[in-house]
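These numbers were taken from a predicted model, which means no experiment stands behind them.
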Amino acid sequence: MQFTGQQLLMTARTAIMAAEERKYPIQLESFLKEQKGEKIAHNFQQLSMWLNLNLNHFEEKLLMAEWKMYKNGDYKPNTRYRTSDDKQTTTQIMAETIYNVGKER
């Protein structure tokens, strides 16, 4: 497989969980054709470098996909919750929703 964000994020999550418990070396092989950096991290610095490289690569992929969608007229992000006068932030809306769902149960 060339590249999938889901596989990359799963590898990153697994690596971060291993790093929290200091279980080095950490395998970073995602079996994707498109992967940046080393396939093993022997310490936190190497893991940090791998995360930076791969998450930046993922962000670039997302940006390019959004740009292609925009050029084709397919990119229509939902911005109805974002106000120009900052009355309520996205974080506040999410927190309120989570709170209300908890009350309903």
Q: Check for a donor-acceptor pair, side chain of Asn72 on one end and backbone N or O of Asp74 on the other, with a separation under 3.5 Å.
A: no
Q. Side chain of Thr11, backbone of Gln7: donor and acceptor closer than 3.5 Å?
A. yes
Q | Contact check, side chains of Lys23 and Met17, non-hydrogen atoms, under 4.5 Å | A | no
Q: Indicate yes or no: at least one non-hydrogen side-chain atom of Glu38 is less than 4.5 angstrom from one of Leu28.
A: no
Q. Which of these, Leu51, Leu47, Leu53, sits in a side chain to side chain contact (heavy atoms under 4.5 Å, CB included) with Met49?
A. Leu53
Q. If you draw a 6.0 Å radius around CD in Gln6, do more than 12 non-hydrogen atoms from other residues or ligands fall strictly inside?
A. no
Q) When clusters are formed from ILVMFWY side-chain contacts under 4.5 Å, directly or step by step, what else is grouped with Tyr75? A) Trp67, Met69, Tyr70
Q.
Minimum heavy-atom separation for Ala19 and Ile26, please, with both atom names.
A. N-CD1, 3.7 Å
Show me, pair by pair, the donor-acceptor contacts under 3.5 angstrom made by side chains of residues 54-62, not counting sequence neighbours?
| residue | atom | partner | partner atom | Å |
| --- | --- | --- | --- | --- |
| Asn54 | OD1 | Lys36 | N | 3.2 |
| Asn54 | ND2 | Lys36 | O | 2.8 |
| Asn54 | ND2 | Trp50 | O | 2.9 |
| Asn56 | ND2 | Asn52 | O | 3.1 |
| His57 | NE2 | Glu34 | OE2 | 2.8 |
| Lys61 | NZ | Glu34 | OE1 | 3.3 |
| Lys61 | NZ | Glu34 | OE2 | 2.7 |

Q: Supply the atom-to-atom distance Ile16 CD1 to Glu20 CD, rounded to the nearest 0.5 angstrom.
A: 7.5 Å
